[in-house]
Trainee: 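This is the structure, below, for whatever I ask next.
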Protein chains: 2
Amino acid sequence: MVALPLMSGMPTIVDMPLPEHPRMSDVAARAGVSLSTVSRALRGASGVAPAVRAEVERAAAELGYVVSRGASSLVTGVTGRIAVLVPFLQPWFFGVALAGVSTRLRASGQDMLVYQVGDVDELDAYVRSLPLRSNVDAVIAVALDLGDTAVARLDEIGLPVVFCGRRVPGRACVFTDDTAAAAGATRHLLNLGHRRVAYVCSRDQTGFSWSSRDRLRGYEAAMAEAGAEAVVVTEPPGHQGGALAMARLLSMAEPPTAVFAESDDVAMGVLQVARRSGIDVPGDVSVMGFDDNDVAALLDLTTVAQPVTEMGERAAELAVRAVRAAGPVRDHVHLDTRLVVRQSTAVPRSRREGPAGGTEQRG
Amino acid sequence: MVALPLMSGMPTIVDMPLPEHPRMSDVAARAGVSLSTVSRALRGASGVAPAVRAEVERAAAELGYVVSRGASSLVTGVTGRIAVLVPFLQPWFFGVALAGVSTRLRASGQDMLVYQVGDVDELDAYVRSLPLRSNVDAVIAVALDLGDTAVARLDEIGLPVVFCGRRVPGRACVFTDDTAAAAGATRHLLNLGHRRVAYVCSRDQTGFSWSSRDRLRGYEAAMAEAGAEAVVVTEPPGHQGGALAMARLLSMAEPPTAVFAESDDVAMGVLQVARRSGIDVPGDVSVMGFDDNDVAALLDLTTVAQPVTEMGERAAELAVRAVRAAGPVRDHVHLDTRLVVRQSTAVPRSRREGPAGGTEQRG
DNA sequence: CTGTTAGCGCGTTCAA
DNA sequence: TTGAACGCGCTAACAG
């Protein structure tokens with residue numbers, strides 16, 4: 001700050017009352033420069049003398065000034081906000097994915113707007129009303145099937161969309177290969193010596209989810225490949241569905257020796273019924289899940305791990321890139337899954353009691 | 001629409017190309033009125049002829065026009081956005097709370113901005129930088145201890161704060177009585193006939209959380225009231241901590257016959273170690289949790305249920321009210337907890353094998 | 001390198 | 001009941 005000769009009693013610039021909601025002009029006055037210089041300095045734009053920039057930053061800090069995004073986005077058209085659409089907020093998967101998105105966005109100073117669009121109507125209402133220019137810069141759809149019309153509408157508006165958790169041809173997306181992962185998991189059970197491997201999948205009113213369908217396909221392929229007969233049980237989602245499914249499986253003439261559940265959540269229901277029925281896992285039946293959520297480790301469930309946090313981060317990364325590029329980004333980010341072998345899968349009893357059989361394993 | 005005589009080949013209003021990003025003036029032109037009339041009509045302000053209003057709404061719908069929040073908030077100072085601060089995104093509690101907030105905000109057309117502020121620095125950075133005027137209308141802190149300086153800063157800016165999950169004197173907040181709930185849970189165990197009831201609590205680097213402290217207090221009070229000796233084990237949070245704690249308890253000269261864990265998550269670790277050690281629950285030891293998360297039901301864990309969704313909804317309600325009132329709201333919303341008795345707690349073996357003892361129970 | 005000017009899209013005075 | 005003018009706080013062109 002420049003030292004000035006002052007008459008005593010005269011209010012100095014330091015004595016001036018701090019405005020409650022300082023604006024850029026307050027900073028400009030305090031730093032003794034013009035508005036545009038403040039704007040440039042605070043934005044980190046080039047063409048500002050280092051000394052001036054420092055002075056401006058000091059003035060801003062002293063006033064507790066922060067640029068109003070609303071005002072600047074009115075001019076630039078960039079809001080600094082990214083919308084994340086999720087079908088649910090409660091399940092483990094979405095919390096983890098959001099954490100990933102949040103981390104990445106923080107790094108570039110973007111804000112995260114979260115919308116829960118449980119049903120098609122909500123999605124529709126969202127797409128219809130919200131994403132008008134000057135509300136968000138991009139949309140990340142997590143484990144969500146935006147319809148064609150919704151996507152078309154976003155395109156029309158010029159809003160980049162990133163799909164997280166699903167492969168969408170011609171679109172920016174981050175995904176894992178559910179089919180291959182499910183096939184790998186099924187092979188793990190087959191390689192242990194199981195032949196009667198059942199698959200539990202879930203469907204709600206809306207029908208199968210795509211990841212559900214993809215996993216089923218992988219299971220069927222692996223079974224066919226091994227010449228084993230596929231046994232598929234369909235119930236509502238969640239562990240309730242898993243419990244119902246396991247009950248049905250246990251009432252079959254020849255119950256399976258291994259159960260592959262579409263998700264860890266469903267597997268929990270399977271395990272619960274097994275435990276209550278006095279059926280030993282993996283002694284009597286092997287159980288395999290999918291997701292590797294936090295409870296899976298707790299219950300020693302063999303499962304397929306997805307890098308969910310990373311999926312969120314990468315999706316956010318694509319969204320940020322699309323905003324910067326001011327145009328659509330079409331990258332496909334394919335992340336790997338990982339088979340996590342724990343205590344819930346083992347060689348079937350028939351094998352153990354017969355001639356000693358090795359426990360092979362393939363990816 | 002008014003039918004007009006047209007020369008053929010002359011472009012009609014219907015033929016006019018739809019602007020990609022229609023603005024209010026486009027609507028005004030299409031409806032044949034002025035800008036201010038459109039503004040009034042679309043905002044539902046009074047003083048617009050019904051016929052004119054209908055015409056404006058039609059024009060807006062045909063153009064796919066939506067008011068730009070950015071522009072209007074520049075004038076009104078209201079953003080239509082509410083910030084939700086959470087320490088974590090992954091745990092069950094936060095997903096459920098966010099779902100509650102989301103539901104309530106949707107009803108009033110507000111958007112939800114989510115910030116993960118895991119450590120004090122992040123919180124500080126957030127409070128320092130973001131909530132300047134024209135970014136959000138209110139802040140909801142979920143299970144978070146904003147420091148005094150942070151709160152003071154928000155006050156200064158005039159941003160309403162709502163605390164969710166904690167009682168804060170003189171502030172708008174939604175909470176449950178952790179102390180009373182923990183005391184009730186402890187009494188449940190005492191009433192079953194347990195005397196050696198251990199409490200497992202968690203602390204991380206930061207120290208005890210307040211809910212942790214409150215619950216501990218309730219446990220201690222109930223034990224003292226019954227003339228029983230308190231046994232408290234402290235470990236890191238999460239089920240790992242629970243597992244460590246249970247291991248320590250099992251190595252005591254006289255292990256407890258009942259374990260009350262600070263949270264369901266911690267209780268999971270306790271159950272895991274019990275199961276692996278061949279200790280029957282509740283045969284050998286009763287286990288009680290706190291939260292009633294989705295896994296608790298699955299594992300038949302007796303626990304204390306909190307109305308988490310409702311907490312989120314009510315917090316959002318207070319935030320919306322504060323925005324409407326354009327001033328601070330100081331309501332305290334006290335919600336009840338509920339003891340959920342499942343299969344993990346029972347009369348201790350000593351009682352069962354001795355003279356028949358009844359299973360009493362108090363709230 | 002810096003200052004001046006003209007809007008960004010809308011709500012809100014006023015006057016009609 | 002409607003319309004015209006002004007300004008919300010800021011950035012982007014220019015000119016200096």
Trainee: From the set D/dG9, C/dC10, D/dT2, return the single nucleotide nearest to any side-chain atom of A/A71.
Mentor: D/dG9

Trainee: OP1, OP2 of D/dG9 versus side-chain N and O of A/Y65: anything below 4.0 Å?
Mentor: no

Trainee: According to a strict under-4.0 Å criterion, is A/S34 in side-chain N/O contact with OP1 or OP2 of C/dT2?
Mentor: no

Trainee: For residues A/R106 and A/S102, is any side-chain donor paired with an opposing acceptor at under 3.5 Å?
Mentor: no

Trainee: Verify the distance criterion only: is there a donor paired with an acceptor across the side chains of B/R153 and B/T149 at less than 3.5 Å?
Mentor: no

Trainee: For the side chain of B/A49, starting at C-beta, report the closest nucleotide among D/dT2, D/dC10, D/dA12.
Mentor: D/dT2

Trainee: Distance check needed: C/dT2 P versus A/E55 CD, whole Å only.
Mentor: 12 Å

Trainee: Counting heavy atoms from C-beta on, name the nucleotide in C/dT2, D/dA12, C/dG9 closest to the side chain of A/V75.
Mentor: D/dA12

Trainee: Can you tell me the distance, in whole Å, between the CG atom of A/L35 and the P atom of C/dG7?
Mentor: 17 Å

Trainee: Give the nucleotide from the list D/dT11, C/dC10, C/dT4 with an atom nearest to the side chain of A/S39.
Mentor: D/dT11

Trainee: Quantify the bending of the helix from C/dC1-D/dG16 to C/dA16-D/dT1 as the angle between its end axes, each fitted on five pairs, to 10°.
Mentor: 30°

Trainee: Can you check whether any acceptor in the base of D/dG3 is under 3.5 Å from a donor in the side chain of B/R40, or vice versa?
Mentor: yes

Trainee: One thing to verify: whether A/D331 and A/R321 come together as a salt bridge, which I'm taking to mean a side-chain N less than 4.0 angstrom from a carboxylate O.
Mentor: yes

Trainee: Donor-acceptor pair, B/D137 side chain versus B/T79 backbone, under 3.5 Å?
Mentor: yes

Trainee: Before accepting this row, confirm whether a basic side-chain N of the pair B/E62/B/R58 lies closer than 4.0 Å to the acidic partner's carboxylate O.
Mentor: yes

Trainee: Which is true for A/S36 with a 4.0 Å heavy-atom rule: it touches a base, it touches only sugar-phosphate, or it touches nothing?
Mentor: base

Trainee: Thinking salt bridges, do B/R104 and B/E313 make one under a 4.0 Å N-O criterion?
Mentor: no

Trainee: Output the rounded distance in Å from CG (A/L74) to C1' (D/dT11).
Mentor: 10 Å

Trainee: Given atom CZ of A/R43 and atom C1' of D/dC10, what is their separation to the nearest angstrom?
Mentor: 9 Å

Trainee: Counting side-chain heavy atoms from C-beta on, which of C/dC10, D/dG3, D/dT11 comes nearest to A/M24?
Mentor: D/dT11

Trainee: Whole angstroms only, please: what is the CG-P distance between A/L42 and D/dC10?
Mentor: 9 Å

Trainee: Side-chain donor-acceptor pair under 3.5 Å between A/T37 and A/S34, yes or no?
Mentor: yes

Trainee: Using whole Å, what does the distance between atom C1' of nucleotide D/dC8 and atom CZ of A/R69 come to?
Mentor: 19 Å

